[in-house]
There are 2 protein chains.
Amino acid sequence: MARPQRRTVRDIRRGNRAVLLRALYFSGPTSRNDLTARTGLSAATVSTMTADLLGENIVVEAGQVESDGGRPRVLLRVNPEYGFAVGVDVAETHVRVGLFDLEMTERAKVDYMLRPARHDPELVARHILAGVEVVLSDAGVSPEQVLGIGVGVPGIVEPGADGVIHAKTFGWDGVPLGALLRRGTSLPLYVDNGAKTMGQAELWFGSGRGASDAVIVLLGVGVGATIVADGTTFRGVSSSAGEWGHTKIVAGGRPCRCGGRGCLEAYIGIEAILDRAGVTSGGDWEEDLARVLASKSPVVEETVTYLGVGLANLVNLVNPEKIVIGGWVGVQLGESLLPGIRRATAANSLAEPYAATSIVLGRLGPDAVALGAATLVLEEFLNAPQVARITAAG
Amino acid sequence: MARPQRRTVRDIRRGNRAVLLRALYFSGPTSRNDLTARTGLSAATVSTMTADLLGENIVVEAGQVESDGGRPRVLLRVNPEYGFAVGVDVAETHVRVGLFDLEMTERAKVDYMLRPARHDPELVARHILAGVEVVLSDAGVSPEQVLGIGVGVPGIVEPGADGVIHAKTFGWDGVPLGALLRRGTSLPLYVDNGAKTMGQAELWFGSGRGASDAVIVLLGVGVGATIVADGTTFRGVSSSAGEWGHTKIVAGGRPCRCGGRGCLEAYIGIEAILDRAGVTSGGDWEEDLARVLASKSPVVEETVTYLGVGLANLVNLVNPEKIVIGGWVGVQLGESLLPGIRRATAANSLAEPYAATSIVLGRLGPDAVALGAATLVLEEFLNAPQVARITAAG
DNA sequence: CATCTTAGTTCAGAGGCGAAAACAAGCACC
DNA sequence: GGTGCTTGTTTTCGCCTCTGAACTAAGATG
């Protein structure tokens, strides 16, 4: 029952400005005339507001297009160089830092390898801060031009300014990554779970584009999901919503590395798939998985069934318009098995919600986590295109 | 990415009016002074707005309270007789119609029994329409005073004006109940799933009060859930979100009446519990269940475990602040077994989200479905306290 | 070059909010 | 009882935002 409370007449301007900017951003080059139609605002308002935005250099002109018989339309677009966003992917084996312009074109990136078992928080923080400096100088961008730094990490991120992280598999329990980073930078920081940032990327720029109720699942070493309700990522009361990988699909079943039994991840996480297939990994999981898939072992069919059960539970519970399967395992499975995955999902879900859902593969590849992290910055920019706050994403 | 688009200066007034009215409604008798603090609005705005509301008779004075040394505060409250709401519960065995004032005090009610297997939509519609007439005349309320009719039904309700219902267990597939009712009344109609209306009732007036991220589960013949995110009931793209009963907790497990296997309902639905305990029902399920619970059969412990698994999946996926267990089976189980249910849930969920959740019993009893249905009308009234629309709830 | 068409800008007016001044209604103390 | 103090409520006034309508801009057409 916590409802938003709006107030003054000034909020209208801010809100409408955000509406206009979003329309401009997602419709590409657009004339003022189109914008009145798209936003529902009057021509007068669009005129004054675009004048403001042009004056602030947030928006720039982008050519003209003649209209039959009358004055040609002037096209406008968001200035992709008005500002930049840093996106960071903290994963089990590496830290990747990317610099993106406002169109989310990657301008520079840098990777730091992590020794698989050692994840000293200080070291990770140093890598990130160093990475930011590197990508800025590589791209010739000054820190003042950067609107913020988004960071995608494994595990659960507490809401709050310190960006406190709990990631059992990572060996982090209560690491205040946000606070560590703030010692080295004054830029706005947004820390969020990596599955969520990936989901955000697929939702805004990938296969989920345009959906307002969607689930983006991440299949990799871990298994997670981003649940999007009415255009907003669903976080729950302590930002840990979407822990799909540890929902139980076989009560009392296979043991999971989380300590529980029968978790979805204990069936379709990469380690579980290889284990069920009796493969002792040679070190390259992608290759191992490819071999299992080629083997026509019954394990493949079982995996599809388990995944279908997991997806069906999401269909029943969330009733999404779209399910996007991402993560490298997800894409590798999906490429050959998508029809079977759809069948298995249909077999385990109710007819009405299943009929409303389309199941598709993600299309952003492994950089989606960093891109999505940068998107946190973009989102803030589009919502309040001048007042950037220095907080962790909650 | 579907964001609300706001526009003119007039929307502010409407929005602030709703904020004020909500504050007034949920804080009981309150002075204008308190309202400025509660709503964040200026004293000036509160003053003019309350003057309007008093003039329209939506708000009335409710005594005074002296303040140490100064002018006494005049208390205001929503006029409980400004309007009335009808709430209807369409269940497997009966149709219940209740008339509520704005404080949700029941002023009259009437029941119609349904022969268990026969659910002619026309008959149900006739019962509802007749029931409305009966409760109005019993309470001496004229139709003009009624703000709307809320109806809670089993199954999935399509979004849209016709209130089309799909309820397999009820024998309804595509029944346009809303359209049937509109032939007999011109009052605003809100049709929604009964588990959701019950959830709404517990959220607003029962154990869920004050929570903004919550799940209200309904355990009865069927098993369902209402997921509340940020104060709003989560419906999904085709309004069927929350079909928790048919999520799978044992892939390939017990057959369920939905046609699937391993559904939660196939373990903790009342028929499943009795079946697993080997009880052939004597007709009174409540008594049967009481006997099973008293028997200390291992089935009891198993039931707790399965319920815990189902709840744990909600904890992991939704990360709610509160889980309310409702429905008659839920309450009967919970009364003696709540600590065990909590333990089973903890054992099957991740530590962080579990720590953020409290699991409690519902406290509204069997009338919650009708009350919640009436609450749909109340909600509309609080959001737009003069313009009532004639549509089905989507 | 006059006219038509479409795009974009300017202006006046209405409605809304908040700060502060004004007003109201008690209490305390002389 | 009068005077000042305290607190609650209303009124006044200035500022902000939006919109409709009039107006300007810029091209096409014949």
Side-chain angles (χ1 to χ4, degrees), chain A residues 4-21 23-24 27 29-55 59-77 384-386, chain B residues 4-21 23-24 27 29-55 59-77 384-386:
Chain A
Q5 309 205 154
R6 273 162 229 110
R7 242 152 302 191
T8 170
V9 76
R10 236 131 159 181
D11 298 329
I12 290 194
R13 188 71 168 179
R14 222 188 359 249
N16 281 340
R17 189 174 151 123
V19 165
L20 188 74
L21 205 61
L24 217 34
S27 308
T30 317
S31 71
R32 293 173 177 81
N33 209 342
D34 269 11
L35 287 171
T36 67
R38 258 181 238 277
T39 61
L41 294 166
S42 72
T45 304
V46 170
S47 179
T48 60
M49 202 124 61
T50 51
D52 282 2
L53 291 166
L54 280 163
V59 163
V60 292
E61 297 196 349
Q64 298 199 344
V65 69
E66 87 285 355
S67 68
D68 36 21
R71 175 176 173 171
R73 283 176 263 201
V74 176
L75 296 179
L76 302 173
R77 62 189 294 213
Q386 69 276 36
Chain B
Q5 309 206 154
R6 272 161 230 112
R7 243 153 302 189
T8 171
V9 77
R10 235 131 161 182
D11 298 330
I12 290 196
R13 187 72 167 181
R14 223 189 357 250
N16 281 341
R17 187 173 153 125
V19 166
L20 189 75
L21 204 61
L24 217 34
S27 309
T30 317
S31 71
R32 293 175 179 79
N33 207 346
D34 270 12
L35 287 171
T36 68
R38 258 181 238 279
T39 61
L41 293 166
S42 73
T45 303
V46 170
S47 179
T48 60
M49 203 125 60
T50 53
D52 283 1
L53 291 166
L54 281 162
V59 163
V60 293
E61 297 197 348
Q64 298 199 344
V65 67
E66 87 284 356
S67 69
D68 36 21
R71 175 175 173 174
R73 284 176 262 200
V74 176
L75 296 178
L76 303 173
R77 61 189 295 214
Q386 67 278 35

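Excluded from the calculations below are hydrogen atoms, water molecules and symmetry mates; all remaining heavy atoms, backbone and side chain alike, are included. In what follows, chains are A, B, ... by sequence order, proteins preceding strands, each numbered from 1.
The distance between atom CG of A:Leu41 and atom P of C:dG8, rounded to the nearest whole Å, is 15 Å. Spacing between atom CG of A:Asn33 and atom P of D:dT24 amounts to 20 Å, rounded to whole angstrom units. Taking atom CZ of residue B:Arg73 and atom P of nucleotide C:dC27, one finds them 14 Å apart after rounding to whole Å. Atom pair B:Gln64:CD and C:dC27:P shows a separation of 11 Å (rounding to whole Å applied). For the pair A:Asp11 CG and C:dG15 P, the interatomic distance rounds to 21 Å; values are reported in whole Å. Rounded to a whole Å, the CG atom of B:Leu76 is 14 Å from the P atom of D:dG8. Between the P atom of C:dC23 and the CZ atom of B:Arg32 lies a distance of 19 Å, rounded to the nearest Å. A straight line from CZ of B:Arg14 to C1' of C:dG16 spans 13 Å, rounded to a whole angstrom.
You'll find a donor-acceptor pair under 3.5 Å spanning the side chain of A:Arg71 and the base of C:dA7, going by distance alone.
For C:dG16, the OP1/OP2 oxygens have no side-chain nitrogen or oxygen of B:Asn16 closer than 4.0 Å. Phosphate contact (OP1/OP2 of C:dG18, side-chain N/O of B:Thr45, threshold under 4.0 Å): present. The phosphate of C:dC17 has neither OP1 nor OP2 within less than 4.0 Å of any side-chain N or O from A:Thr8.
Nucleotides of DNA chain C nearest to A:Ser47 and A:Gly70 differ in position, and the one nearer the 5' end is that of A:Gly70. A residue-by-residue look at A:Pro72 and B:Leu75 shows that B:Leu75 has its nearest nucleotide of DNA chain D further toward the 5' end.
The minimum heavy-atom distance between A:Thr8 and B:Ile12, with the atom names listed, is O-CD1, 3.1 Å.
The side chain of A:Ala44 has D:dT19 as its nearest neighbour among C:dG16, D:dT19, D:dT11. Candidate nucleotides D:dT19, D:dT17, D:dT10 were compared by shortest atom distance to the side chain of A:Arg10, and D:dT17 ranks first.
Paired with B:Ser42 under the rule side chain to side chain contact (heavy atoms under 4.5 Å, CB included), one option of B:Thr39, B:Val46, B:Thr45 passes, and it is B:Thr45.
Atom CG of B:Leu41 is separated from atom OG of B:Ser47 by 12.0 Å, given to the nearest 0.5 angstrom. With rounding to the nearest 0.5 angstrom, the CG atom of B:Leu53 is 4.5 Å from the CZ atom of B:Arg17.
Here the side chain of A:Ser27 pairs no donor or acceptor atom with the backbone of A:Leu24 at under 3.5 angstrom.
Here B:Val74 lies in heavy-atom contact (under 4.0 Å) with sugar-phosphate atoms only.
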